[in-house]
Amino acid sequence: MHRRDLPWRRRGCSPWGVLVSEVMLQQTPVARVEPVWHRWMERWPTPAALAGAPAGEAVRAWDRLGYPRRALRLHAAAGAVVERHGGRVPDGEEELRSLPGVGAYTAAAVAAFAFGRRTVVVDTNVRRVHARAVGGRALPAPALTAAETALAGRLLPADAPTAATWSVAVMELGALVCTARAPRCGSCPLVRRCAWVAAGSPPDDGPPRRGQAWEGTDRQCRGRLLQVLREAEGAVAGGRLRAVWPEELQRERCLDGLVADGLVEPLADGRYALPGSPR
DNA sequence: GACACGTGGCC
DNA sequence: TGGCCAAGTGT
């Protein structure tokens with residue numbers, strides 16, 4: 001096995017660094033996260049540092065990682081850490097889980113990888129490895145099931161530090177070898193014991209997966225609008241937004257949605273800006 | 001439980 | 001070439 005030397009997996013990385021990485025990695029590939037994570041940690045090395053910055057600056061620094069509401073939630077999580085935990089990232093799954101943007105996976109991951117706690121870490125990689133090696137299926141079900149969590153719990157080593165290492169290893173296996181498309185079974189340490197390989201590597205028998213529509217969607221529209229705001233120094237006039245999305249009805253709906261989400265702030269003079277950013 | 005939510009790279 | 005996929009969460 002090859003364990004990647006990722007900055008948030010190094011010994012000296014703070015729990016805050018681990019939390020930032022886990023939120024950034026939600027639905028986003030490692031390669032795109034790395035440079036943004038480095039800039040982020042240099043600028044905001046502690047939860048208090050981020051909490052002291054305007055939310056809009058977090059959105060801007062999020063750059064093109066996608067799903068920018070995560071930046072807003074991370075900013076809110078930093079505030080909650082300062083308010084409720086004295087500025088230290090908590091080490092318990094329950095306290096972590098109560099932070100904005102931290103769900104079951106992220107809470108378990110931070111508890112395990114930042115604090116060495118024995119938690120059941122189940123992400124898409126773990127699910128795929130287990131579906132194949134144990135379940136004999138090409139891909140896991142569309143949504144996480146209680147049975148999958150239970151299985152992951154049974155497979156987890158009893159010793160806490162070993163359990164954390166185990167979780168990293170299974171995730172790395174899923175990310176580098178047991179990949180969704182074109183898995184490298186030839187270099188997999190589990191080939192001999194893989195139920196899916198033993199069954200002849202049958203194709204996925206689940207329901208066809210619906211691809212995410214993109215062209216012309218609200219998501220694309222929101223992305224365009226926010227990109228203009230991110231790249232602008234301060235506030236921008238409505239005309240700048242009109243230019244990147246001419247269709248008025250949809251543009252206004254998306255703008256309203258961005259404002260409702262707290263990603264955009266409408267100014268009294270009719271212009272728009274990232275929330276709290278310098279005018 | 002289904003849906004909304006960004007972005008870019010890969011085969 | 002374009003559908004598929006990437007360390008999910010909140011509603």
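Chain A is the first sequence line, chain B the second, and so forth, proteins listed ahead of strands; every chain is numbered from 1. Hydrogens, waters and symmetry mates play no part in the numbers below; they use all other heavy atoms, side chains included.
- dT7(B) atom P lies 13 Å from atom CG of D218(A), rounded to whole Å.
- Comparing dG6(B) with dA6(C), their C1' atoms are spaced 12 Å from each other, to the whole Å.
- Of the C1' atoms belonging to dT11(C) and dT7(B), the separation is 23 Å, rounded to the nearest Å.
- Comparing Q227(A) and A143(A) along DNA chain B, the residue whose closest nucleotide (by nearest heavy atom) sits nearer the 5' end is A143(A).
- At a cut-off of 3.5 angstrom, counting only N and O atoms as typed in the model, there is a donor on one side and an acceptor on the other between the side-chain of R181(A) and the base of dC4(C).
- Nearer to the 5' terminus of DNA chain B, by closest-nucleotide assignment, is the contact made by L144(A) (compared with the other of L144(A) and R230(A)).
- As judged by a 4.0 angstrom heavy-atom cut-off over every strand, P100(A) is placed among residues touching the sugar-phosphate backbone only.
- To the nearest angstrom, C1' of dA6(C) lies 14 Å from CG of L139(A).
- Within the 3.5 Å criterion, the main-chain N or O of A143(A) finds a donor-acceptor partner in the side chain of R127(A).
- Side-chain contact between Q26(A) and Y67(A) is absent, with no heavy atoms from C-beta onward closer than 4.5 Å.
- At whole-Å resolution of the value, CG in L74(A) and P in dA7(C) are 19 Å apart.
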Verdict with supporting geometry, V170(A) and V121(A), side chain to side chain contact (heavy atoms under 4.5 Å, CB included): CA-CA 10 Å; V170(A) 177; V121(A) 183; over 6 Å; no

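- Computed from coordinates, the Q212(A) CD to dA4(B) C1' distance equals 10 Å when rounded to whole Å.
- Within the 4.0 angstrom heavy-atom criterion, no nucleotide atom of any strand lies near W62(A).
- When hydrophobic residues (I, L, V, M, F, W, Y) are linked wherever their side-chain heavy atoms come within less than 4.5 Å, W214(A) remains an isolated member.
- Nucleic acid contact class of G66(A) (heavy atoms, under 4.0 Å, all strands): base.
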Intermediate values then yes/no, side chain to side chain contact (heavy atoms under 4.5 Å, CB included), R184(A) and T179(A): CA-CA 7 Å; R184(A) 300 159 177 78; T179(A) 53; 3.6 Å; yes

Run the salt bridge (charged side-chain N to carboxylate O under 4.0 Å, His left out) check on D5(A) and R10(A) step by step: do they pass? CA-CA 7 Å; D5(A) 180 28; R10(A) 288 187 180 159; 2.8 Å; yes

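- L99(A) has its CG atom 12 Å from the P atom of dT9(C), to the nearest Å.
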List the steps and the verdict of side chain to side chain contact (heavy atoms under 4.5 Å, CB included) for M24(A) and W8(A). CA-CA 11 Å; M24(A) 288 184 172; W8(A) 46 85; over 6 Å; no

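- For the salt bridge (Lys or Arg N to Asp or Glu O under 4.0 Å) with E172(A), the qualifying choice from R4(A), R9(A), R3(A) is R4(A), the only one to do so.
- Side-chain atoms of R117(A) never come within 3.5 Å of backbone atoms of A112(A) as a donor-acceptor pair (strictly under, hydrogens ignored).
- Dashed line: the shortest gap from a side-chain N or O of R209(A) to OP1 or OP2 of dC4(C) is not under 4.0 Å.
- The same atom, P, is picked in dG8(B) and in dT9(C); the two are 23 Å apart, to the nearest Å.
- Between the P atom of dA4(B) and the CZ atom of R222(A) lies a distance of 12 Å, rounded to the nearest Å.
- When the C1' atom is used for both dG10(C) and dG1(B), the distance is 13 Å, rounded to whole Å.
- In this structure, L65(A) reaches the bases: a heavy-atom distance under 4.0 Å links it to at least one base atom across the strands shown.
- One finds the OG atom of S187(A) at 9.5 Å from the CG atom of L176(A) (value rounded to the nearest 0.5 Å).
- Residues from residues 10-32 of chain A lying near DNA chain B, meaning a heavy-atom separation below 4.0 Å, are Q27(A), T28(A), R32(A) in numerical order.
- Within 4.0 Å (heavy atoms only), Q220(A) reaches no atom of the nucleic acid at all.
- Atoms CH2 (W214(A)) and P (dC5(C)) sit 18 Å apart, rounded to a whole Å.
- Between the CG atom of L6(A) and the C1' atom of dA7(C) there is a distance of 10 Å, given to the nearest Å.
- At a threshold of 4.5 Å between non-hydrogen side-chain atoms, the residues H75(A) and L72(A) do not count as touching.
- Considering only side-chain N and O atoms, R219(A) lies nowhere under 4.0 angstrom from the phosphate OP1 or OP2 of dG8(B).
- Within residues 104-136 of chain A, no residue has any heavy atom under 4.0 Å from DNA chain B.
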